[in-house]
Structures are given as C-alpha cells and as structure tokens.
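As structure tokens, the structure follows; a few thoughts come after it.
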Number of protein chains: 2
Amino acid sequence: MGATKSDLFTKQQNEIANMAKALAHPARIAILQYLVKKNACVCGDLVEELGLAQATTSQHLKELKTAGLIQGTIEGASVCYCINPKVWNQYGKIFGAFFTEAMDIKSCC
Amino acid sequence: MGATKSDLFTKQQNEIANMAKALAHPARIAILQYLVKKNACVCGDLVEELGLAQATTSQHLKELKTAGLIQGTIEGASVCYCINPKVWNQYGKIFGAFFTEAMDIKSCC
DNA sequence: TTAAGTAATCGTAATATTGCGATGTGTTAA
DNA sequence: TTAACACATCGCAATATTACGATTACTTAA
C-alpha cells in the first residue's frame, strides 16, 4: 500500500490531481511567481532567489518542466527558464472550469 | 531533511501550495466533483462511490474538511457532506488570480 | 438490552516527497 | 590545456502521504 490507486479514478480526475501536485510546494509557487514577475527568460539567479540548495532547486525546476509549466533553454554555460504560456493558460482554464462549476452551489448543512 | 522549509517562503506562497495540496489526489477531486454534481448534502454513499476502503475515504474527507472545502453534519447514524461554498469560491478566486496574473506572458525561449 | 450499522481514529506498512552533499557534464575564461 | 563556473543527476536520510485492517464511539432497529 501507500501508492495512489490511480486506476480507480477517471483520466480527468488524475489529470487535475497531477496539476495540483505540481503546484503543491511553496518553492514551486515562488519559482512561478518570480518568472511571471520578470516576464522574461531568467538565467541563473533562481538558486539565490529561493534560498534552497542548488540540487533542491534543480529538482523543483525539473518537476515544473515535467508538468510543462516552464521551459528551459541552454544559454551558454547557464540555463534560462521561462513560463510556457500555452500550458499556463491551459492550467488556468482547467482550474477555472473546476471551480466555476459550482459557483452557484447552495450551502445546505 | 525531508520536511518542506516553509519559513523560506511568503505566507501567500505557503497558502497557495497548501491549497494545491488539498487538491493533489484524484480521490479528493472525485469527492469534490461528486458533491458538486449532487449539489446537496450527501450521506453515506461516498465509500461505494470511490472504491477505496472506508478508513481511506474517511482520511481524505478529513483532509478536505481541514482545508475547509467541505463540511460534514451528523445526520442520525451517518454523516452528510457538502461543499462549503464560501471557501470553494475563495479557492476559485485565488487560483484564478494566480493564473490570470500572467495571461499576457510572452513566449521568450 | 442487544445486534447491526455508520463513520472516526489508531497502528502500521508501502510508497512518495523533500532536501542536500557529492559527483558528473558541459561551457567559458585564462 | 587548465581552472572556474552553471547546472543536472546520483545516492542517501528525514519526513509526508496513501492505504487498509482493527478498533472505538455512536446511533438505530429489533
């Protein structure tokens, strides 16, 4: 036991849960907000920005890249990261749909 | 090591990450969608609906209750659950703000 | 009362995540 | 070439999450 039983749920449910998982760490939120704020490719200064070890930062970047939310381009010796707008907007749309689905819910108990 | 270093991040970043964590399991997404679909208090039939053990289902319900997304009322021998519309809408607003923050981001690399 | 039902909690095992030092790979500057 | 730098990956330890059987607390029906 211990592993999530993905087969019990719909593809959509697993998808939304995985999207949420990508956002489920403050370091990853911080990375995304930083990239959004800069509104451009950011090279190098992410490790100092976060305060986590280089290895840990790299791991969070990898997860965001796997989720598709960011993309990295090799720029000489360093790597530049930026938001992937297409996936970003898709996330926004899917979470938006999930929550507006019940905007008019009634408080019953 | 192993524990999230919450003190490195802002209150808002930790808050968003915690909100995402509440959604980061397909069973919890399934529970929320079921409650939204029924649009009413649901008593009892959540265990059969999910296919997980009673103890596991109860644990997921507790997490959603802790997050504030659902509320439970004792109705005789069973417990009725429903969406907490206030918190639900707050989630929608916060995630919405997070993603619309960068709607006009440019693809740079 | 007792028996059956519902649901929370406890205890524990399996697995996943987080974090970091050490190491490896590739790039640039000297 | 060599030295310094940037970043990914490996390996491991600490912690968190997921899952479930067993137990407990409570309600209802008989």
Side-chain angles (χ1 to χ4, degrees), chain A residues 1-9 13-14 16-31 34-35 41-67 70-82 109, chain B residues 1-9 13-14 16-31 34-35 41-67 70-82 109:
Chain A
M1 330 147 185
T4 294
K5 293 192 155 183
S6 309
D7 52 308
L8 285 178
F9 309 102
Q13 286 162 348
N14 282 302
I16 296 179
N18 278 329
M19 287 168 55
K21 221 181 249 185
L23 302 175
H25 194 288
R28 295 197 285 274
I29 298 294
I31 291 171
Y34 187 70
L35 293 181
C41 277
V42 170
C43 295
D45 43 333
L46 273 165
V47 173
E48 302 100 81
E49 184 67 19
L50 288 187
L52 289 169
Q54 184 265 322
T56 308
T57 305
S58 193
Q59 203 171 347
H60 284 302
L61 287 168
K62 188 184 180 180
E63 282 177 76
L64 288 173
K65 222 176 349 182
T66 301
I70 65 172
Q71 51 200 171
T73 322
I74 298 174
E75 188 83 26
S78 56
V79 179
C80 296
Y81 289 99
C82 65
C109 46
Chain B
M1 330 149 186
T4 293
K5 291 191 154 184
S6 309
D7 52 309
L8 285 178
F9 308 102
Q13 286 162 346
N14 282 303
I16 296 179
N18 279 328
M19 286 168 56
K21 221 180 251 184
L23 302 175
H25 195 289
R28 294 197 286 274
I29 298 294
I31 290 171
Y34 186 71
L35 293 181
C41 277
V42 170
C43 295
D45 44 333
L46 274 165
V47 173
E48 302 100 82
E49 185 67 18
L50 288 187
L52 289 169
Q54 184 265 323
T56 309
T57 305
S58 194
Q59 207 172 344
H60 283 302
L61 286 167
K62 188 184 180 180
E63 281 178 75
L64 288 173
K65 223 176 350 181
T66 301
I70 65 171
Q71 51 200 172
T73 323
I74 299 173
E75 187 81 28
S78 55
V79 178
C80 295
Y81 289 99
C82 64
C109 45

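Here is the naming used below: chain letters follow the sequence lines, and residue numbers restart at 1 for every chain.
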Whole-Å distance separating the CD atom of A:Gln59 from the C1' atom of D:dC12: 12 Å
Closest-nucleotide 5' rank along DNA chain C - winner of A:Gly76 and A:Gly51: A:Gly51
Separation of atom NE2 in B:His25 from atom P in D:dT17, rounded to whole Å: 12 Å
Closest approach of A:Leu52 to A:Val47 (non-hydrogen atoms, all atoms of both residues): O-CG1, 3.8 Å
B:Leu8 CG: over 12 foreign heavy atoms closer than 6.0 Å: yes
Euclidean distance, atom CG of residue B:Asn14 to atom C1' of C:dT18 [Å, nearest integer]: 14 Å
Sugar-phosphate, base or nothing in reach of B:Glu75, heavy atoms under 4.0 Å: nothing
Interatomic distance, A:Glu48 CD vs D:dC7 C1' [rounded to whole Å]: 12 Å
Protein-nucleotide distance (A:Tyr81, atom OH; D:dA6, atom P), rounded to Å: 14 Å
Sugar-phosphate, base or nothing in reach of B:Ser78, heavy atoms under 4.0 Å: sugar-phosphate
Candidates D:dC20, D:dT9, C:dT9 - which lies nearest the side chain of B:Ser58: C:dT9
Touch class at under 4.0 angstrom, heavy-atom based, for A:Ala55 against every strand present: base
Shortest non-hydrogen contact from A:Cys80 toward A:Glu75: SG-CB, 3.6 Å
Sugar-phosphate only, base, or nothing, as touched by B:Ile74 at under 4.0 Å among non-hydrogen atoms: nothing
Residue met sooner reading DNA chain D from 5', once A:Val79 and A:Ser6 are mapped to nucleotides: A:Val79
Along DNA chain D (nearest heavy atom to each residue), the more 5'-positioned of B:Ala77 and A:Ala3: A:Ala3
Sugar-phosphate, base or nothing in reach of A:Thr4, heavy atoms under 4.0 Å: sugar-phosphate
Atom-pair distance (NE2 on B:His60; P on D:dT17), nearest Å: 12 Å
Donor-acceptor under 3.5 Å (A:Arg28 side chain, B:Ala17 main chain): no
Side-chain donor/acceptor contact of B:Gln54 with base of C:dA8 under 3.5 Å: yes
B:Lys5 vs C:dC20: side-chain N/O to OP1/OP2 distance below 4.0 Å: yes
Length of the NZ-C1' vector between A:Lys21 and C:dA16, whole Å: 8 Å
A:Lys62, NZ: over 12 other non-hydrogen atoms inside 6.0 angstrom: no
Atom pair distance, as rounded to whole Å: CD1 in B:Ile29 and P in D:dT18: 12 Å
